[in-house]
2 protein chains.
Amino acid sequence: MATMQDVARLAQVSVSTVSYVLTGTRPISQATRNKVLAAMAELDYQPNAMARGLASRRSRILGLLMPMDERGLGATETAFVTGAAAAASVAGYHLVLSPVGGGNLDDLRRLASQRMLDGVVLMEVQLADERVTVLQEAGVPLVLIGRTGDTSTLSYVDIDFDQTVREAVAHLVGLGHRQIVYVNHSAATLASGYGPALRTRDAFTAAMTGHGLDPVMIAAEDSAAGGRAALAAAFAQAPELTAVLAMNETAIFGILGELAGRGLSVPHDVSVVSMVTSPQVAELATPALTAMTSPGSALGRIAIEALTRHLDGPTDLLHQQLLPCALEIRGSTAAPRRPALVTSGPSSSDGG
Amino acid sequence: MATMQDVARLAQVSVSTVSYVLTGTRPISQATRNKVLAAMAELDYQPNAMARGLASRRSRILGLLMPMDERGLGATETAFVTGAAAAASVAGYHLVLSPVGGGNLDDLRRLASQRMLDGVVLMEVQLADERVTVLQEAGVPLVLIGRTGDTSTLSYVDIDFDQTVREAVAHLVGLGHRQIVYVNHSAATLASGYGPALRTRDAFTAAMTGHGLDPVMIAAEDSAAGGRAALAAAFAQAPELTAVLAMNETAIFGILGELAGRGLSVPHDVSVVSMVTSPQVAELATPALTAMTSPGSALGRIAIEALTRHLDGPTDLLHQQLLPCALEIRGSTAAPRRPALVTSGPSSSDGG
DNA sequence: GAACCTCGTCGAAGCGTTTCGACGAAGCGA
DNA sequence: TCGCTTCGTCGAAACGCTTCGACGAGGTTC
């Protein structure tokens, strides 16, 4: 383990000169720089992260705080992580993933106060999220993936749920569907103030109303059984339904199973669109699901970029950005077999 | 940000005394300890992780190195992570997840040499894994989840593939199945020396042979399409097959789709067992899959415990442990409708 | 009662960086 | 030529902690 001292001695310069070569905080002549670089190479020198952190009061570590609950990361969340890690690496930071759930707020407070994290990206943000308060009190720079209710003082990147839902509905309506049911997360999740669930609910209502259609939403537990139950409820509320739009990635497999069980084929009897879904998951189903693909890795990347920009050049600007999901048409949507009576709008009347 | 100085001053003791209270490295009288503790509480003191790391030459950070590839973490890998994170927290360490894939060996070398990681847990180990060499050269304590080919000098925790496969086969044979096909990972994965694929292949051969049965293995691409192709190949090689055992969690959805497409019902025409699978994924299918549930979080926990034990008390003992997956019977296995002719062994002849 | 421990505490020397003030050596305008 | 910057470098003081040697005070042991 060579230290800066060793490098300085070998290069016959002072320690500070070596430091300046490394950090570029002061100009160094080309000749000296070369001597130092050569010495570093010869000694296989690596700066000690702890010493650097202590002296500079910046750890060059970023935290990605993700509540890792029982059911694990979907491919969407994984994409956040990989995107974020790659961006952090580019910016010269390390990324610490920390599974700080709702419960251990003290853990979080400790983590934040230990000066080990230069900044933090928060995932799975609730509309009212105590973690935000804790981190702000600890003075840790913060970027959210997702949004709290009051976004006026925070930087965030989030999915543009409004546009995503609008596009999904437009796709179905364009195919001729009139009775579309939206399967959301559970009632409990809605009640807990989970942003995506609430925002998509509102967006769905708006989009359907805009088409002159009746918005029917079902809250489903996050399980295959929940999906099955949701489909039963959907048929009860909307017997003529020809399409299902589902936010609940887990429930959707139950929905598909239940449709098969009722002898209904996808997409001919019922079309299915999965929202905020990764291609990997969409391909698991048979037929592969038409889905709104989440911009997962882009979200992670942008969040980290916003954070590092804030850390490296202390701009006080907030970064607030929404990214829509992209419609990827696969095998689970088609024109309805018996298109509902056209009650308004110029929807096509093909299909049979 | 109160420092140790502040605490010492307020408690009217020396800085070193405060340190001893914190670390317990020297005895401190109860009276003094109380004074110090009170001062800490009053100042809301949090030790500075960087300073501590520099002085003690231990960062109290552990790395979990996981190759995060395109298709993301399954619930199984996620369980590793949560188990490891929880155990690390208990042992007073932080966990850094680092997406160090195969390519960036230099990144890894840098990470290891910066003295930022006290120790490392390596996931998704190949039989010949360069990362192991790099870390050993850098002198970083190491525990594997998985195994390299030569395990003589390394600590590891891994799934007991041999027993897992044996149990799965025994379950199917016990139900009366004789023609069982094993769907493994892809040929490319096998060729790359991926331990689980190779070990399960051998274990399957051994288990089937032990029952006097013919082992048929199919290598399937990690996709739904790969699963469909695999099933076709399986029927080509073993037309009488009544059961499928699948290691390939992704392919299994294709297999199920293809079975449905052929009008074969699960489990009555064909039984399906999924290996090394999380309950969450098993429940996604309809019917829910009988599966060998991987001891995911236990693996992560045990790996971290072995690592911290090694770090805190420098035992030179290696920790080498295998954990079997647990058979969880759900809806995808049953006695075959027409059990194959009993050719040997005392299998029951019920079912019809 | 001398010699020797052990216990609890202190002061000071690091740990390996960054960063600040200083200072010759040039370079430049007047 | 004189004062003035600017450039490149140096030495030393942090940064906030751990850890080592030392040292009184109080017990034991013979």
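Chain naming here is simple, since letters A, B, ... match the order of the sequence lines and numbering starts at 1 in each. Since this is a predicted model, take the numbers as computed values, not measurements.
For the pair Gln30(A) CD and dC7(D) C1', the interatomic distance rounds to 15 Å; values are reported in whole Å. One interatomic measurement links the two molecules: CG of Leu54(B) to C1' of dT17(C), which rounds to 8 Å at whole-angstrom precision. At whole-Å resolution of the value, CG in Asp118(A) and C1' in dT18(C) are 14 Å apart. The nearest whole Å value for the distance from the CZ atom in Arg60(B) to the C1' atom in dT18(D) is 13 Å. Across the protein-nucleic acid pair, Arg52(A) atom CZ and dT18(C) atom C1' stand 9 Å apart, rounded to whole Å. At whole-Å resolution of the value, OH in Tyr45(A) and C1' in dT17(C) are 7 Å apart. Following rounding to the nearest Å, Met4(A) (CE) and dC15(C) (C1') show an atom-to-atom distance of 14 Å. Taking atom CZ of residue Arg57(A) and atom C1' of nucleotide dG16(D), one finds them 10 Å apart after rounding to whole Å.
Note on Val18(B): nothing from the nucleic acid sits closer than 4.0 angstrom, heavy atoms only. In this structure, Ser16(B) reaches the bases: a heavy-atom distance under 4.0 Å links it to at least one base atom across the strands shown. Residue Ser19(B) is in base contact, counting any heavy-atom pair closer than 4.0 Å across all strands shown. Within the nucleic acid shown, Arg26(A) comes within 4.0 Å of at least one base atom, counting heavy atoms only.
Across all their heavy atoms, Leu22(B) and Met40(B) have their closest contact at CD1-CE, 3.3 Å.
Among the nucleotides dT18(D), dT17(C), dC10(D), the one closest to the side chain of Ser56(B) is dT18(D). Across dT19(C), dG8(D), dC10(D), the shortest atom-to-atom separation from the side chain of Ser29(A) is found for dG8(D).
Under the 4.0 Å criterion applied to side-chain N and carboxylate O atoms, Arg58(A) and Asp312(A) are assigned as salt-bridge partners.
Residues Ile28(B) and Met50(A) both approach DNA chain C. Their nearest nucleotides, taken by heavy-atom distance, put Ile28(B) toward the 5′ side. A residue-by-residue look at Tyr20(B) and Ala55(B) shows that Ala55(B) has its nearest nucleotide of DNA chain D further toward the 5' end.
Using a 4.0 Å cut-off, some side-chain N or O of Ser14(A) falls inside it from OP1 or OP2 of dC10(D). Under 4.0 angstrom from either OP1 or OP2 of dT18(D) there lies no side-chain N or O belonging to Thr23(B).
Checking each of Val157(B), Asp158(B), Ile159(B) against Leu323(B) for a side chain to side chain contact (heavy atoms under 4.5 Å, CB included) leaves exactly one that passes, namely Val157(B).
A 6.0 Å sphere centred on CD of Gln136(A) holds more than 12 heavy atoms belonging to other residues, nucleotides or ligands.
Side-chain N or O atoms of Thr308(A) include one that pairs as donor or acceptor with a backbone N or O of Glu305(A) at under 3.5 Å.
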